[in-house]
Number of protein chains: 2
Amino acid sequence: MRTLDGGTMSEHVKRATISDVAQHAGVSKAAVSKVLRGAYGVSGTMKARVEASMATLGYRPSALARGMRGSSFTLGVFVVDLHNTFMSVLIEGIRTEAELNGYQVFIGEASRGLAQQRQMIEAMVDRKMDGIVLIAPFGTADDLEEIARGTPTVVLGRHGPSHSYDTVASDDIAGSALIVDHLVSLGHRRIAHLMQVGREKNESGMPQVVRAKGYVDAMVRNGLEQEIDVLEGRWSQEGGRSAAGLMVQRKNPPTAVHAGADMAALGVLAGFHEAGVRVPEDFSVVGYDNVFAASLPQVGLTSVDQSGIEMGALAAKLLVERIQGRQEAVSTVVAPRLVVRRTTAPPPGV
Amino acid sequence: MRTLDGGTMSEHVKRATISDVAQHAGVSKAAVSKVLRGAYGVSGTMKARVEASMATLGYRPSALARGMRGSSFTLGVFVVDLHNTFMSVLIEGIRTEAELNGYQVFIGEASRGLAQQRQMIEAMVDRKMDGIVLIAPFGTADDLEEIARGTPTVVLGRHGPSHSYDTVASDDIAGSALIVDHLVSLGHRRIAHLMQVGREKNESGMPQVVRAKGYVDAMVRNGLEQEIDVLEGRWSQEGGRSAAGLMVQRKNPPTAVHAGADMAALGVLAGFHEAGVRVPEDFSVVGYDNVFAASLPQVGLTSVDQSGIEMGALAAKLLVERIQGRQEAVSTVVAPRLVVRRTTAPPPGV
DNA sequence: TGGATTGTGTAGATCGGTCTACGTTTTCCA
DNA sequence: TGGAAAACGTAGACCGATCTACACAATCCA
């Protein structure tokens, strides 16, 4: 028999609070709180009685109230764009490790630029999340430092160094080297690179900057500085498609492209498909990220795999350490791996 | 000059609270709160003074504390699997509409079955989220009713009817009909259907159940009840691949398949690719969801588009209405659309 | 055996907001 | 011009936990 206090049929049922439990068990709120936290100073008898009361009342502590004083046991993951399937791989790694440590993970997305990103991160801080992982965020390193001064932070996908936050990134220098060396070993010399230039300014440490540097370094190391050819565009399917158009129209077109990201590479492939350029017979294409679509047999895109699950797990591990008090910044890189499929072959005439 | 109370260099800076603002502006806490909420009873002068103080102190209200009494301005989106790219489309729709109404959206994922799903949803409730959207959740309708009795809820991707929550779903009956009619019009008669059977039990209202029913209905309507052929498996790439193997080995194999979901269809295509079955010359394949990979020119998968953005937006709109007090349950379906690409053609010999 | 130590439990301040109840001005209008 | 109504502001309870300080009982030990 329930009181119809609002006059409506389906009033939401009131949750039991810590006071309800205390009253039901005949003890003080403080005692219940101790049981809840497994704190010192509880007899076995009392523990049993309180736990029985919690069970019969269906008690669940309010995470909000807990967060007011103590910690919220919540980690925030900030993502720029969930459409990129690589994100879900990173998130899987983060979640697995976080849940091992008793943290709940909530994901926040902000796809419309720096202002929205800032708002989302502030929303996480406002909710007193114990720590946050930022995946490939925009903004300057200073912006990130400021965020990290207020809340334990790990940045995933941007390279260090940093003062107040940790970084986990794929070794993009090495990844670019893998790509260039692979193409050179197939006989390519005119190898182009597509560099991401988006709405937001490129900052040092961003993957597009490091991959471009890795490309240039590797070209020089292979004695191909004369052939360095960097196209600027967006790492989206559309960006890749228009880059394909540009490359084809060159007087002396390249024979291969390091597209910088799989989404761009897929766009390049689409552009070539429309233009009648055969891959890999006429042109070799390499992506980066090894997203799901790259692995489809119809696509077979040669790509660089970043072992996203491990990166995610590492980020979560570092974040937990930082929450537990570590102060020194840690910057890690994980080794990438070239996955050779069907979009790379010797250049025409070789 | 900051006190080094912990002995460590980088103690996190204390945030300004409502009391700090009140003191700085020389008014009461209640006054600041009124300004914050835009409540009645504030003079222009006071409003200006308080807002100035908030700005100089860099004040941001604690969402946690607000949530303790009032609402948290937070919506939770529960997702079973973020790897499915259709989810990010739905989420985009939800976010757009939610942000229009001043809500922050946080996403929670639980990929490991019913128990983890329950924990995630409880975590959202524990954080006093004002409402939640459940995308294709497991569990019985009763489970969902119980959740919805505690928190305003909209279920996305499962069909009604329901008492205490709203539903938004694609019209899967119509979608299956589009597929079957399309294949029949091309001349196919032996059309198979791949039905999802996963770890969790299939409940009425789940898309796999409705799509199967739509398939059967459409087959009957076309006078093909003799040809009804339902294979059970998982709607994953692997499930599709093994279904491809099964179909090929039939004594009298089908000439087309309604794979139920794009992920499964991609698996079927991969299986056929390996087995040397040509698509669409030997076999027609239709997916469902119109995910990104289906649109790649190399793939060109015929599929059913569910206009995810609109569904997401509608779900958010219903949720906001429900938070604002609507009590009657609303069940909506949105019309799907067939996208014909290159994996469907007349059967061999026609 | 009596003071110190250890174990067990409680009271109540606290976190940072919201919101009701009420006091004080100011404005309105018969 | 005087009383009602409207406008403005404040005090303080409240939300549901955590956590410090302390009271009381039991145990220890010289």
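From a predicted model like this one, the values you see are computed outputs, not experimental measurements. Sequence lines set the chain letters: A, B, ... in the order given, protein chains first and strands last, and positions in each chain run from 1. Worth knowing before you read on, the calculation uses all heavy atoms, side chains too, and leaves out hydrogens, waters and symmetry mates.
Side-chain N/O atoms of B:K29 and base N/O atoms of C:dG17 include a donor-acceptor pair closer than 3.5 Å.
Salt bridge A:K201/A:E203: present, at least one basic N to carboxylate O contact under 4.0 Å. Comment: A:R15 does not engage A:D20 in a salt bridge, judged by the lack of any side-chain N to carboxylate O separation of less than 4.0 angstrom. Under 4.0 Å is where a charged nitrogen must lie from a carboxylate oxygen, and between A:E321 and A:K317 no such pair does.
Taking atom CD1 of B:I18 as the reference point, atom P of C:dC15 lies 14 Å away to the nearest angstrom. The NZ-C1' distance, from B:K128 to C:dT18, rounds to 10 Å in whole Å. Across the protein-nucleic acid pair, A:M54 atom CE and D:dG16 atom C1' stand 15 Å apart, rounded to whole Å. Spacing between atom CZ of A:F73 and atom P of D:dT18 amounts to 8 Å, rounded to whole angstrom units. One atom, NZ of A:K34, and another, P of D:dA17, lie 17 Å apart when rounded to the nearest Å. To the nearest angstrom, P of D:dC8 lies 13 Å from NZ of B:K47. If you measure from atom CG of B:L36 to atom P of C:dC19, you get 11 Å, rounded to the nearest angstrom. The distance from atom CZ of B:R37 to atom P of C:dG17 is 12 Å, rounded to the nearest whole Å.
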Note to self: Would B:R127 and B:E122 count as a salt bridge (charged side-chain N to carboxylate O under 4.0 Å, His left out) here? Give the steps.
What the structure shows: CA-CA 8 Å; B:R127 281 159 186 78; B:E122 276 173 347; over 6 Å; no
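Nucleic acid contact for A:V32: none, since no nucleic acid atom lies under 4.0 Å from a heavy atom of the residue. Residue contacts shown for A:S33 include a base, since a base heavy atom lies under 4.0 Å away.
The side chain of B:S28 contributes an N or O atom lying less than 4.0 Å from OP1 or OP2 of D:dT10. OP1 and OP2 of D:dA17 both lie 4.0 Å or more from every side-chain N or O belonging to A:S19. Residue A:R66 has a polar side-chain atom (N or O) positioned under 4.0 Å from OP1 or OP2 of D:dT18. Put simply, B:Y40 has no side-chain N or O that comes within less than 4.0 Å of OP1 or OP2 on D:dC8. OP1 or OP2 of C:dG17 sits under 4.0 Å from a side-chain N or O of B:Y59.
Of the candidate nucleotides C:dG16, C:dT18, C:dT10, C:dG16 has the atom nearest to the side chain of B:S62. Between C:dG12, D:dT18, C:dG16, one nucleotide has an atom nearer to the side chain of B:M68 than all others, and that is C:dG16. Of the candidate nucleotides C:dT10, D:dT10, C:dG17, C:dT10 has the atom lying nearest to any side-chain atom of A:A31. Checking C:dT8, C:dG16, D:dC14 against the side-chain heavy atoms of B:R69 singles out D:dC14 as nearest. Of the listed nucleotides (D:dG16, C:dG16, C:dT18), D:dG16 has the atom at the smallest distance from the side chain of A:T17. The B:A65 side chain lies nearest to C:dG16 when the options are D:dA17, D:dG12, C:dG16.
Relative orientation of the A:F106 and B:F106 rings is perpendicular, given thresholds of 30° and 60° on the angle between their planes.
For A:E145, the CD atom sits in a packed shell: over 12 heavy atoms of surrounding residues, nucleotides or ligands are nearer than 6.0 Å.
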